[in-house]
Enquirer: 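Please find one structure pasted underneath; my questions will follow.
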Amino acid sequence: MIELIPDKAVSARKVFGIEADLEVPAFSERDAHVPEIDPAYCFNPDVTLAILAGFINDRRVMVQGFHGTGKSTHVEQVAARLNWPCVRVNLDGHISRLDLVGRDVIAIREGRQVTEFQEGMIPWALQRPVALIFDEFDAGRPDVMFVIQRILERNGKFTLLDQNRVINPHPAFRLFATANTVGLGNLNSLYHGTQVLNQAQVDRWNIVTTLNYLDASDEVRIVLAQVPSFGNRRDVVESMVAVADLTRKGFAAGDISTVMSPRTVITWAENTEIFGDMARAFRLSFLNKCDDAERSIIAEYYQRAMGEELEYSIAVGP
(Lines give C-alpha, C1' and ligand atoms only; values in the text may rest on other atoms or scores of the structure.)
Protein backbone atom coordinates (compact mmCIF):
# COMPACT_ATOMS: atom_id res chain seq x y z
CA MET A 1 0.00 0.00 0.00
CA ILE A 2 1.25 3.47 -0.92
CA GLU A 3 1.48 5.58 2.22
CA LEU A 4 1.55 8.99 0.54
CA ILE A 5 -0.95 11.32 2.23
CA PRO A 6 -1.82 15.03 1.87
CA ASP A 7 1.00 17.08 3.38
CA LYS A 8 -0.40 20.62 3.33
CA ALA A 9 -3.64 22.60 3.51
CA VAL A 10 -4.97 25.26 1.13
CA SER A 11 -7.61 27.94 1.58
CA ALA A 12 -10.90 27.24 -0.21
CA ARG A 13 -11.48 30.97 -0.42
CA LYS A 14 -8.15 31.69 -2.13
CA VAL A 15 -7.94 28.64 -4.38
CA PHE A 16 -11.57 28.25 -5.46
CA GLY A 17 -12.93 31.75 -4.94
CA ILE A 18 -15.84 30.66 -2.75
CA GLU A 19 -17.04 32.27 0.46
CA ALA A 20 -16.02 29.57 2.91
CA ASP A 21 -13.43 29.49 5.67
CA LEU A 22 -12.23 25.98 4.88
CA GLU A 23 -8.74 24.55 4.94
CA VAL A 24 -8.55 21.73 2.42
CA PRO A 25 -5.93 18.95 2.52
CA ALA A 26 -3.68 18.91 -0.54
CA PHE A 27 -0.47 17.43 -1.90
CA SER A 28 2.71 19.43 -2.46
CA GLU A 29 3.78 17.36 -5.46
CA ARG A 30 1.90 16.42 -8.61
CA ASP A 31 2.01 12.98 -10.19
CA ALA A 32 0.91 11.56 -13.53
CA HIS A 33 -2.68 11.03 -12.36
CA VAL A 34 -3.30 14.64 -11.31
CA PRO A 35 -5.51 16.38 -13.93
CA GLU A 36 -4.24 19.45 -15.74
CA ILE A 37 -5.51 22.76 -14.37
CA ASP A 38 -7.97 24.63 -16.60
CA PRO A 39 -7.49 28.29 -15.59
CA ALA A 40 -10.79 29.23 -17.26
CA TYR A 41 -12.91 26.79 -15.28
CA CYS A 42 -15.80 28.42 -13.40
CA PHE A 43 -16.52 26.83 -10.01
CA ASN A 44 -20.11 26.59 -8.84
CA PRO A 45 -20.02 27.53 -5.12
CA ASP A 46 -22.54 24.95 -3.87
CA VAL A 47 -21.11 22.09 -5.92
CA THR A 48 -17.55 23.05 -4.98
CA LEU A 49 -18.46 23.00 -1.28
CA ALA A 50 -20.00 19.53 -1.69
CA ILE A 51 -16.92 18.19 -3.48
CA LEU A 52 -14.57 19.77 -0.94
CA ALA A 53 -16.58 18.11 1.84
CA GLY A 54 -15.82 14.82 0.11
CA PHE A 55 -12.10 15.52 0.06
CA ILE A 56 -11.94 16.91 3.60
CA ASN A 57 -14.25 14.47 5.41
CA ASP A 58 -14.00 11.38 3.18
CA ARG A 59 -17.67 11.60 2.17
CA ARG A 60 -19.09 9.85 -0.89
CA VAL A 61 -20.30 12.60 -3.23
CA MET A 62 -22.59 12.30 -6.27
CA VAL A 63 -22.97 15.20 -8.72
CA GLN A 64 -26.11 15.04 -10.85
CA GLY A 65 -27.47 17.28 -13.59
CA PHE A 66 -27.95 17.77 -17.32
CA HIS A 67 -25.30 16.66 -19.81
CA GLY A 68 -22.55 19.09 -20.71
CA THR A 69 -22.64 21.04 -17.45
CA GLY A 70 -19.15 19.86 -16.45
CA LYS A 71 -20.00 17.47 -13.62
CA SER A 72 -16.96 15.21 -13.95
CA THR A 73 -14.77 18.13 -14.94
CA HIS A 74 -15.81 19.91 -11.74
CA VAL A 75 -14.42 17.09 -9.59
CA GLU A 76 -11.30 16.90 -11.75
CA GLN A 77 -10.61 20.63 -11.51
CA VAL A 78 -10.97 20.55 -7.73
CA ALA A 79 -8.54 17.62 -7.63
CA ALA A 80 -6.17 19.43 -10.00
CA ARG A 81 -5.86 22.37 -7.62
CA LEU A 82 -5.27 20.03 -4.69
CA ASN A 83 -2.65 18.01 -6.61
CA TRP A 84 -4.83 15.01 -5.77
CA PRO A 85 -4.48 12.06 -8.17
CA CYS A 86 -7.79 11.46 -9.94
CA VAL A 87 -9.06 8.63 -12.17
CA ARG A 88 -12.34 8.52 -14.12
CA VAL A 89 -14.15 5.29 -14.98
CA ASN A 90 -17.04 5.49 -17.43
CA LEU A 91 -19.65 2.95 -16.33
CA ASP A 92 -20.98 2.05 -19.76
CA GLY A 93 -22.83 -1.18 -20.46
CA HIS A 94 -19.61 -3.01 -21.34
CA ILE A 95 -17.99 -2.55 -17.91
CA SER A 96 -18.14 -5.90 -16.15
CA ARG A 97 -17.52 -7.15 -12.64
CA LEU A 98 -14.14 -8.46 -13.79
CA ASP A 99 -13.12 -4.97 -14.96
CA LEU A 100 -13.85 -3.54 -11.51
CA VAL A 101 -12.68 -6.41 -9.31
CA GLY A 102 -9.98 -8.16 -11.33
CA ARG A 103 -9.34 -11.41 -13.16
CA ASP A 104 -6.85 -14.20 -13.64
CA VAL A 105 -4.44 -13.57 -16.51
CA ILE A 106 -1.68 -15.60 -18.06
CA ALA A 107 1.84 -14.18 -17.68
CA ILE A 108 5.38 -15.32 -18.40
CA ARG A 109 7.59 -15.58 -15.32
CA GLU A 110 11.18 -16.85 -15.66
CA GLY A 111 10.36 -18.33 -19.04
CA ARG A 112 7.34 -20.22 -17.72
CA GLN A 113 3.67 -19.59 -18.36
CA VAL A 114 1.81 -18.95 -15.09
CA THR A 115 -1.63 -17.75 -14.04
CA GLU A 116 -1.78 -14.74 -11.76
CA PHE A 117 -4.44 -12.36 -10.49
CA GLN A 118 -4.61 -8.91 -12.07
CA GLU A 119 -6.35 -6.33 -9.88
CA GLY A 120 -9.29 -4.41 -11.28
CA MET A 121 -9.87 -0.68 -10.90
CA ILE A 122 -11.52 -0.83 -7.46
CA PRO A 123 -8.75 -2.68 -5.54
CA TRP A 124 -6.11 -0.71 -7.46
CA ALA A 125 -7.64 2.65 -6.48
CA LEU A 126 -8.55 1.63 -2.93
CA GLN A 127 -4.90 1.08 -2.07
CA ARG A 128 -3.75 4.47 -3.38
CA PRO A 129 -4.22 8.18 -2.67
CA VAL A 130 -6.69 8.52 -5.55
CA ALA A 131 -10.00 10.28 -6.14
CA LEU A 132 -11.99 7.71 -8.12
CA ILE A 133 -14.85 9.09 -10.24
CA PHE A 134 -17.57 6.77 -11.49
CA ASP A 135 -18.75 8.67 -14.56
CA GLU A 136 -22.33 8.09 -15.81
CA PHE A 137 -23.07 6.15 -12.64
CA ASP A 138 -26.68 5.53 -13.65
CA ALA A 139 -25.61 3.83 -16.89
CA GLY A 140 -23.90 0.93 -15.10
CA ARG A 141 -25.35 -2.56 -15.35
CA PRO A 142 -27.42 -3.44 -12.25
CA ASP A 143 -25.52 -6.68 -11.59
CA VAL A 144 -22.22 -4.80 -11.71
CA MET A 145 -23.32 -1.96 -9.44
CA PHE A 146 -23.58 -4.23 -6.41
CA VAL A 147 -19.80 -4.64 -6.53
CA ILE A 148 -19.55 -1.00 -5.49
CA GLN A 149 -22.02 -1.28 -2.59
CA ARG A 150 -19.52 -1.99 0.17
CA ILE A 151 -17.02 0.76 -0.64
CA LEU A 152 -19.78 3.37 -0.55
CA GLU A 153 -19.62 3.21 3.22
CA ARG A 154 -16.99 5.28 4.96
CA ASN A 155 -13.88 3.19 5.51
CA GLY A 156 -15.67 0.43 3.62
CA LYS A 157 -13.39 -2.54 3.18
CA PHE A 158 -13.33 -4.52 -0.03
CA THR A 159 -13.14 -8.31 -0.07
CA LEU A 160 -11.33 -10.07 -2.91
CA LEU A 161 -12.91 -13.51 -2.82
CA ASP A 162 -10.50 -14.90 -5.41
CA GLN A 163 -7.57 -13.91 -3.21
CA ASN A 164 -9.10 -14.49 0.24
CA ARG A 165 -7.98 -10.95 0.99
CA VAL A 166 -9.62 -7.92 2.58
CA ILE A 167 -8.45 -4.51 1.37
CA ASN A 168 -8.56 -1.54 3.71
CA PRO A 169 -8.97 1.80 1.92
CA HIS A 170 -5.98 4.12 1.75
CA PRO A 171 -6.44 7.17 4.03
CA ALA A 172 -6.43 9.43 0.96
CA PHE A 173 -8.81 7.36 -1.17
CA ARG A 174 -11.92 9.35 -2.18
CA LEU A 175 -15.00 8.33 -4.17
CA PHE A 176 -17.20 10.47 -6.42
CA ALA A 177 -19.84 9.83 -9.07
CA THR A 178 -21.72 11.74 -11.73
CA ALA A 179 -25.21 10.98 -13.00
CA ASN A 180 -27.88 12.49 -15.21
CA THR A 181 -30.91 11.03 -13.44
CA VAL A 182 -29.95 10.31 -9.79
CA GLY A 183 -30.81 6.68 -10.43
CA LEU A 184 -34.45 7.34 -11.38
CA GLY A 185 -34.12 6.06 -14.93
CA ASN A 186 -34.94 7.59 -18.31
CA LEU A 187 -38.05 9.48 -17.20
CA ASN A 188 -37.93 12.23 -19.84
CA SER A 189 -36.58 10.06 -22.72
CA LEU A 190 -33.44 12.24 -22.83
CA TYR A 191 -30.94 9.73 -21.41
CA HIS A 192 -31.42 6.36 -23.09
CA GLY A 193 -29.31 3.63 -21.51
CA THR A 194 -29.62 4.89 -17.96
CA GLN A 195 -30.82 2.47 -15.30
CA VAL A 196 -33.13 2.69 -12.33
CA LEU A 197 -30.68 2.25 -9.46
CA ASN A 198 -31.24 0.28 -6.29
CA GLN A 199 -32.39 2.84 -3.74
CA ALA A 200 -30.41 1.14 -0.97
CA GLN A 201 -27.30 1.97 -2.98
CA VAL A 202 -28.35 5.53 -3.78
CA ASP A 203 -28.97 5.99 -0.05
CA ARG A 204 -25.31 5.21 0.63
CA TRP A 205 -24.13 8.36 -1.11
CA ASN A 206 -23.49 10.80 1.72
CA ILE A 207 -23.83 13.97 -0.37
CA VAL A 208 -25.84 14.51 -3.57
CA THR A 209 -25.47 17.89 -5.27
CA THR A 210 -26.86 19.32 -8.51
CA LEU A 211 -24.89 21.15 -11.20
CA ASN A 212 -27.20 23.08 -13.50
CA TYR A 213 -26.37 25.29 -16.44
CA LEU A 214 -24.27 28.37 -15.72
CA ASP A 215 -25.36 31.97 -15.63
CA ALA A 216 -25.08 33.54 -19.08
CA SER A 217 -22.18 35.79 -18.07
CA ASP A 218 -20.16 32.82 -16.72
CA GLU A 219 -20.90 30.76 -19.82
CA VAL A 220 -19.75 33.61 -22.07
CA ARG A 221 -16.54 33.90 -20.09
CA ILE A 222 -15.84 30.17 -20.42
CA VAL A 223 -16.48 30.13 -24.18
CA LEU A 224 -14.15 33.11 -24.65
CA ALA A 225 -11.47 31.35 -22.60
CA GLN A 226 -11.82 28.07 -24.51
CA VAL A 227 -11.90 29.72 -27.96
CA PRO A 228 -9.45 32.66 -27.75
CA SER A 229 -10.06 33.75 -31.35
CA PHE A 230 -13.49 35.05 -30.22
CA GLY A 231 -11.84 37.37 -27.71
CA ASN A 232 -12.83 40.53 -29.62
CA ARG A 233 -16.30 39.19 -30.47
CA ARG A 234 -17.92 39.08 -27.05
CA ASP A 235 -21.23 40.33 -28.43
CA VAL A 236 -21.34 37.37 -30.82
CA VAL A 237 -20.64 34.89 -28.03
CA GLU A 238 -23.37 36.51 -25.93
CA SER A 239 -25.78 35.91 -28.80
CA MET A 240 -24.63 32.28 -29.11
CA VAL A 241 -25.24 31.72 -25.40
CA ALA A 242 -28.66 33.36 -25.84
CA VAL A 243 -29.51 30.74 -28.49
CA ALA A 244 -28.48 28.00 -26.04
CA ASP A 245 -30.59 29.56 -23.30
CA LEU A 246 -33.65 29.61 -25.59
CA THR A 247 -33.22 25.90 -26.33
CA ARG A 248 -33.07 25.18 -22.60
CA LYS A 249 -36.25 27.14 -21.97
CA GLY A 250 -37.89 25.42 -24.93
CA PHE A 251 -36.87 22.03 -23.58
CA ALA A 252 -38.23 22.86 -20.12
CA ALA A 253 -41.53 23.93 -21.73
CA GLY A 254 -41.73 20.73 -23.76
CA ASP A 255 -41.39 22.50 -27.14
CA ILE A 256 -38.20 20.68 -28.18
CA SER A 257 -36.52 17.46 -27.10
CA THR A 258 -32.85 18.38 -27.64
CA VAL A 259 -30.99 20.93 -25.58
CA MET A 260 -27.74 22.85 -26.13
CA SER A 261 -25.15 22.36 -23.41
CA PRO A 262 -22.18 24.65 -22.73
CA ARG A 263 -20.09 22.00 -24.48
CA THR A 264 -22.23 22.47 -27.61
CA VAL A 265 -21.71 26.23 -27.55
CA ILE A 266 -17.93 25.75 -27.37
CA THR A 267 -18.11 23.24 -30.24
CA TRP A 268 -20.17 25.74 -32.25
CA ALA A 269 -17.50 28.40 -31.73
CA GLU A 270 -14.71 25.97 -32.65
CA ASN A 271 -16.54 24.85 -35.79
CA THR A 272 -17.07 28.50 -36.75
CA GLU A 273 -13.28 28.81 -36.76
CA ILE A 274 -13.02 25.78 -39.03
CA PHE A 275 -15.77 26.65 -41.54
CA GLY A 276 -15.70 30.44 -41.30
CA ASP A 277 -19.49 30.52 -41.30
CA MET A 278 -21.58 30.94 -38.14
CA ALA A 279 -24.79 29.49 -39.58
CA ARG A 280 -23.11 26.45 -41.17
CA ALA A 281 -21.23 25.75 -37.94
CA PHE A 282 -24.52 25.91 -36.00
CA ARG A 283 -26.18 23.43 -38.33
CA LEU A 284 -23.25 21.03 -38.10
CA SER A 285 -22.81 21.46 -34.32
CA PHE A 286 -26.42 21.29 -33.15
CA LEU A 287 -29.29 21.62 -35.64
CA ASN A 288 -28.53 18.38 -37.47
CA LYS A 289 -28.85 16.50 -34.16
CA CYS A 290 -32.45 17.66 -33.73
CA ASP A 291 -35.75 16.16 -34.79
CA ASP A 292 -36.94 17.41 -38.19
CA ALA A 293 -40.24 18.55 -36.69
CA GLU A 294 -38.41 20.81 -34.24
CA ARG A 295 -35.98 22.50 -36.62
CA SER A 296 -38.33 25.36 -37.42
CA ILE A 297 -38.56 26.19 -33.70
CA ILE A 298 -34.78 26.09 -33.31
CA ALA A 299 -34.38 28.23 -36.43
CA GLU A 300 -36.67 30.77 -34.78
CA TYR A 301 -34.48 30.73 -31.66
CA TYR A 302 -31.46 31.37 -33.90
CA GLN A 303 -33.17 34.26 -35.68
CA ARG A 304 -34.24 35.88 -32.40
CA ALA A 305 -30.79 35.70 -30.82
CA MET A 306 -28.49 36.11 -33.83
CA GLY A 307 -30.61 38.59 -35.80
CA GLU A 308 -30.50 36.63 -39.07
CA GLU A 309 -32.48 33.88 -40.74
CA LEU A 310 -31.17 30.33 -40.59
CA GLU A 311 -31.51 28.16 -43.67
CA TYR A 312 -32.19 24.52 -42.92
CA SER A 313 -33.48 21.42 -44.66
CA ILE A 314 -35.86 18.72 -43.55
CA ALA A 315 -35.41 15.13 -44.65
CA VAL A 316 -38.21 13.87 -46.85
CA GLY A 317 -39.15 10.22 -46.61
CA PRO A 318 -39.74 7.94 -49.62
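The structure displayed is predicted, hence computed values, not measured ones. Atom set for the values below is all heavy atoms of this structure, side chains included, hydrogens, waters and symmetry mates excluded.
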Enquirer: Between E119 and R165, is the closest basic N to carboxylate O distance under 4.0 Å?
Expert: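 Between E119 and R165 there is a salt bridge, with a charged N closer than 4.0 Å to a carboxylate O.
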Enquirer: What's the spacing between L211 CG and D46 CG if we round to 0.5 Å?
Expert: 10.0 Å
Enquirer: Taking the six-membered ring of Y301 (Phe, Tyr or Trp), confirm whether the NZ or CZ of R304 is under 6.0 Å from its centre and within 45° of its axis.
Expert: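 No; the conditions do not both hold, so R304 does not lie above the ring face of Y301.
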Enquirer: Between E294 (side chain only) and S257 (backbone N and O only), is there a donor and an acceptor less than 3.5 Å apart?
Expert: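 Yes; at least one donor-acceptor contact below 3.5 Å.
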Enquirer: Between E309 and Y302, is the side chain to side chain donor-acceptor pair (under 3.5 Å) condition met? List the steps.
Expert: CA-CA 7 Å; E309 297 290 336; Y302 185 93; over 6 Å; no
Enquirer: Hey, does the side chain of N180 reach the backbone of G65 with a donor-acceptor pair shorter than 3.5 angstrom?
Expert: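 A pair under 3.5 Å: yes.
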Enquirer: Anything under 30° is parallel, anything over 60° is perpendicular, the rest tilted; go ahead and classify F43 against Y41.
Expert: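 Geometry flag for Y41 against F43: perpendicular rings.
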Enquirer: Does any N or O in the side chain of E238 come within less than 3.5 Å of the main-chain N or O of R233, such that one atom is a donor and the other an acceptor?
Expert: no
Enquirer: Nearest 0.5 Å please: distance from the CZ atom of F137 over to the CD atom of Q64.
Expert: 13.5 Å
Enquirer: Flag the pair D292 and R295 as a salt bridge only when some basic side-chain nitrogen lies within less than 4.0 angstrom of an acidic carboxylate oxygen.
Expert: yes
Enquirer: Run the ring-centre check on W124 versus H170 and record whether the distance is less than 6.0 Å.
Expert: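 W124 vs H170: aromatic centres not under 6.0 Å.
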Enquirer: Of the non-hydrogen atoms in V101 and P123, which two are nearest, and what is the gap between them?
Expert: O-CG, 3.3 Å
Enquirer: List the atom of T210, the atom of N212, and the distance in Å for their closest heavy-atom pair.
Expert: CG2-OD1, 3.6 Å
Enquirer: What pair of heavy atoms forms the shortest contact from P39 to R81, and how long is it?
Expert: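 That would be CA-NH2, 4.0 Å.
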Enquirer: Can you name the closest pair of heavy atoms from V243 and M260 and give their distance?
Expert: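 Answer, listing the atom of V243 first, then M260: CG1-SD, 4.0 Å.
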Enquirer: With rounding to the nearest 0.5 Å, note down the distance linking CD1 in I256 to CG in L246.
Expert: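 The CG atom of L246 is 9.0 Å from CD1 of I256, to the nearest 0.5 Å.
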Enquirer: With a 3.5 Å distance limit and no angle check, can you tell me whether N271 reaches the backbone of W268 through a side-chain donor-acceptor pair?
Expert: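 Absent.
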Enquirer: Keeping N206 on the side-chain end and R60 on the backbone end, is there a donor-acceptor pair under 3.5 Å?
Expert: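 It does hold such a pair.
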Enquirer: How are the rings of W84 and F27 set relative to one another: parallel (under 30°), tilted (30 to 60°) or perpendicular (over 60°)?
Expert: perpendicular
Enquirer: If I compare all heavy atoms of M306 with all of M240, which pair ends up nearest, and what's the gap?
Expert: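 Scanning both residues completely, I find the closest heavy atoms to be SD-N, 3.9 Å.
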Enquirer: Checking H33 side chain against V87 main chain: does a donor-acceptor pair fall under 3.5 Å?
Expert: no
Enquirer: So does V10 get a backbone contact from the side chain of K14, meaning a donor-acceptor N/O pair under 3.5 Å?
Expert: no
Enquirer: Does the side chain of I151 come within less than 4.5 Å of P169's, by heavy atoms?
Expert: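 With C-beta onward as the side chain, the pair stays apart.
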Enquirer: Would you mind reporting whether V220 and R234 have side-chain heavy atoms less than 4.5 Å apart?
Expert: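 Yes; the side chains approach each other to less than 4.5 Å.
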Enquirer: Measure centre to centre between the rings of F176 and F55, then say whether the value is under 6.0 Å.
Expert: yes
Enquirer: Rounded to the nearest 0.5 Å, what separates atom OG in S239 from atom CG in D245?
Expert: 12.5 Å
Enquirer: Is the backbone N or O of V89 less than 3.5 Å from a side-chain atom of D135, with the two atoms forming a donor-acceptor pair by type?
Expert: no
Enquirer: If only atom types and distance count, is the side chain of N57 paired as donor or acceptor with the main-chain N or O of R59 below 3.5 Å?
Expert: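 It does not hold such a pair.
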Enquirer: Does R30 CZ have over 12 foreign heavy atoms under 6.0 Å away?
Expert: yes
Enquirer: Please confirm whether R128 makes a cation-pi placement over F173, using NZ or CZ under 6.0 Å from the six-membered ring centre and within 45° of the ring normal.
Expert: no
Enquirer: Once rounded to the nearest 0.5 Å, what's the spacing between atom CZ of R204 and atom CG of L175?
Expert: 13.0 Å
Enquirer: Taking side chain as C-beta onward, heavy atoms only, is T178 less than 4.5 Å from F134?
Expert: no
Enquirer: How many angstroms lie between atom CG of L284 and atom CG of D277, to the nearest 0.5 angstrom?
Expert: 9.0 Å
Enquirer: Please step through salt bridge (charged side-chain N to carboxylate O under 4.0 Å, His left out) for the pair E273 and R280, ending with a clear verdict.
Expert: CA-CA 11 Å; E273 285 187 313; R280 175 178 283 114; over 6 Å; no
Enquirer: Please check: side-chain N/O of D215 versus main-chain N/O of D218, any donor-acceptor pairing under 3.5 Å?
Expert: no
Enquirer: To check you understand the geometry: which heavy-atom pair defines the closest contact between A299 and L310, and what is its length?
Expert: CA-CD2, 4.1 Å
